[in-house]
Amino acid sequence: MTEMMKAYRIVEWQQQPILTEAPVPTPGPGQVVVEVAGNGLCHSDVGMTQMPGSFGEMLGWKVPFTLGHEVGGRIAALGKGVTGFKEGDPVAVISPRSCGSCRFCANGEDNNCDDSVVGRGYGIDGGLAKYMLVHSTRELVPLRNLDPKIAGPLTDAGATSFHAVKRALKRIRPGGSAVVIGAGGLGAYAIQHLVALTSARIIAVDTSGERLAYASELGAHDVLDGVNPETAADVRNILGGTGADAVFDFVGIDSTIEQGLRSTGKGGAFALVGAGQGALRSGTWFDALPKDGEVFCFQAPTIADTLDVIALADAGRIRVDADFFSLDDVALAYEKMERGELRGRAVVIPD
Ligand code: NAD
Ligand code: ZN
């Protein structure tokens with residue numbers, strides 16, 4: 001008889017996920033089973049629960065599947081032929097899957113690998129359960145000092161925001177500036193990466209006072225309450241009349257995209273990371289995209305980004321704050337995320 005475990009799963013498209021049961025995975029050749037120490041909750045999970053089934057099926061996702069794509073844990077079982085790891089080793093799991101042999105992977109763009117479209121926690125079973133199957137050791141990062149319980153959020157919130165910041169680095173001039181719209185899970189890490197990697201003046205924008213207080217604690221120099229039609233003017237005022245070198249939008253609705261683009265200065269970068277499904281309009285010719293700048297979007301992290309962020313955290317150069325929840329309280333944790341009431345990333349510890 002198949003052994004079962006508690007798992008928080010999407011069982012039917014456009015229905016609330018439920019705490020139910022899933023089979024305990026066993027590793028095939030080359031595969032590994034990780035005992036989940038902690039799984040970070042991402043705002044993308046909320047979007048997935050609202051996704052039309054036709055879209056999910058087009059992506060190749062199959063219900064039911066267990067949510068959770070930010071996993072730290074310990075090796076619980078090794079499949080045939082696996083080398084380099086042993087039972088009990090602490091690891092973080094690379095969030096996007098990748099094949100390792102396509103031209104994207106060969107170019108270090110494993111985040112763009114076709115395999116990344118279906119992943120643990122989006123289309124196949126993820127980390128909101130005691131055990132999770134990992135398809136190859138390519139997707140494991142050994143941990144040194146870092147507690148596997150808090151490593152999960154680094155693999156997506158930490159690493160996706162790192163990818164965006166690193167991509168915009170060449171646009172951020174010495175003594176430059178950056179705006180972070182949505183200082184939640186990803187945005188708070190973006191602030192930390194900007195502090196670690198640049199001398200930029202950082203402006204954080206959020207609708208939650210608690211998130212703005214946390215952003216200041218992490219090193220944001222200025223904070224703006226919410227996005228309104230004056231936000232771009234406020235940003236430009238703070239910066240002495242010019243736009244920002246880089247603007248990161250971790251919300252991605254019409255108003256944040258519009259104000260974010262207007263806040264971006266000449267030669268600057270506008271990064272659309274939030275999946276709020278807002279429209280990106282270029283406006284009229286003089287009030288359009290940043291002159292000689294760039295706009296880039298929805299991206300996920302590479303393996304290299306993940307290794308960098310874990311190394312930064314391991315060395316104590318970025319903070320990893322977490323609010324812990326049990327599997328029974330996952331729905332409550334998502335509600336707190338929606339209300340902007342979390343301090344760190346919500347991390348679920350499966351029982
Ligand atoms: P989160 O809920 O932790 O953070 C979002 C923050 O935005 C919150 O602090 C919230 O108060 C704030 N906010 C909401 N509306 C706002 C508004 N109108 N103006 C200013 N601030 C506002 O979410 P998260 O987990 O950090 O995810 C952020 C976004 O990034 C989501 O849309 C998620 O789907 C997306 N995401 C994208 C990728 C990717 O690879 N591109 C990866 C992970 C997450
Ligand atoms: Zn590939």
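Order of appearance sets the numbers: ligands from 1, and atoms from 1 within every ligand. The analysis underlying the following values was restricted to heavy atoms, covering all of them including side chains, and did not include hydrogens, waters or symmetry mates.
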Compute the shortest N/O to N/O distance between [X] and ligand 1 and return yes if it is under 3.5 Å, no if not.
| X | answer |
| --- | --- |
| S44 | yes |
| L186 | yes |
| A275 | yes |
| G185 | yes |
| D206 | yes |

Next item on the list: Pick whichever of V227, L342, T231, D225 has a heavy atom sitting closest to atom 19 (N) of ligand 1.
Entry: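 The nearest heavy atom belongs to V227.
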Next item on the list: Using heavy-atom distances, let me know which of G184, G278, G274, S95 sits nearest atom 30 (O) of ligand 1.
Entry: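 Residue with the shortest heavy-atom distance to the ligand atom: G274.
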Atoms in ligand 1 with a heavy atom of [X] nearer than 4.0 Å:
| X | value |
| --- | --- |
| T160 | 38 (C), 39 (C), 40 (O), 42 (C) |
| R211 | 9 (O) |
| R345 | 3 (O), 24 (P), 25 (O), 26 (O) |
| D156 | 42 (C), 43 (C) |
| C42 | 25 (O), 43 (C), 44 (C) |
| F250 | 28 (C), 29 (C) |
| I253 | 18 (N) |

Checklist line | side chain to side chain contact (heavy atoms under 4.5 Å, CB included) between L327 and V348, intermediate numbers included | finding: CA-CA 6 Å; L327 266 182; V348 174; 4.0 Å; yes
[X] side chain to [Y] backbone, donor-acceptor under 3.5 Å:
| X | Y | value |
| --- | --- | --- |
| R97 | G119 | no |
| D314 | L146 | yes |
| N112 | F104 | no |
| Q192 | R319 | yes |

Taking [atom] as the reference point, the nearest protein heavy atom with its distance:
| atom | answer |
| --- | --- |
| atom 35 (C) of ligand 1 | V273 O, 3.7 Å |
| atom 17 (C) of ligand 1 | T207 CG2, 3.7 Å |
| atom 40 (O) of ligand 1 | A300 N, 2.9 Å |
| atom 7 (O) of ligand 1 | G182 CA, 3.4 Å |
| atom 15 (N) of ligand 1 | V251 CG1, 3.8 Å |

Checklist line | Which segment of H43 sits under 4.0 Å of ligand 1 when only heavy atoms are counted | finding: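 For H43, backbone and side-chain atoms both sit under 4.0 Å from ligand 1.
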Next item on the list: With heavy atoms under 4.0 Å as the rule, classify the contact between E338 and ligand 1 as side chain, backbone, both or neither.
Entry: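 Near ligand 1, E338 shows nothing, with every heavy atom at 4.0 Å or more.
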Check: So do the side chains of T198 and L169 get within less than 4.5 Å of each other, counting heavy atoms only?
Finding: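 Answer yes - side chains close enough.
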Next item on the list: Decide yes or no for M48 and W61: does some side-chain heavy atom of the first lie under 4.5 Å from some side-chain heavy atom of the second?
Entry: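 Contact flag for M48/W61 side chains = yes.
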Next item on the list: Mind listing the protein N/O/S atoms less than 2.8 Å away from the Zn ion (ligand 2)? Waters don't count.
Entry: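 Per the 2.8 Å query on the Zn ion (ligand 2), atoms found are C99 SG, C102 SG, C105 SG, C113 SG.
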Checklist line | K170/E294 ion pair, N-O < 4.0 Å | finding: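 Result for this pair is yes, salt bridge flagged.
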Notebook entry, point to check: Can D323 and K336 be counted as an ion pair, charged N to O under 4.0 angstrom?
Noted result: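 No, this pair does not count.
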Checklist line | Geometric class of the H69/Y122 ring pair [parallel <30°, tilted 30-60°, perpendicular >60°] | finding: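 Taking H69 first and then Y122, their aromatic rings stand perpendicular (interplane angle over 60°).
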Note to self: Angle between ring planes, H193 versus F162, binned at 30° and 60°: parallel, tilted or perpendicular?
What the structure shows: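 Plane angle over 60°, so perpendicular.
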Checklist line | K130/E3 under salt bridge (Lys or Arg N to Asp or Glu O under 4.0 Å): CA gap, chis, key distance, verdict | finding: CA-CA 12 Å; K130 188 165 183 189; E3 205 190 329; over 6 Å; no
Quiz question: by atom type and distance under 3.5 Å, do the side chains of [X] and [Y] form a donor-acceptor pair?
| X | Y | result |
| --- | --- | --- |
| E230 | N228 | no |
| D249 | T256 | yes |
| T302 | D305 | yes |
| R9 | T66 | yes |

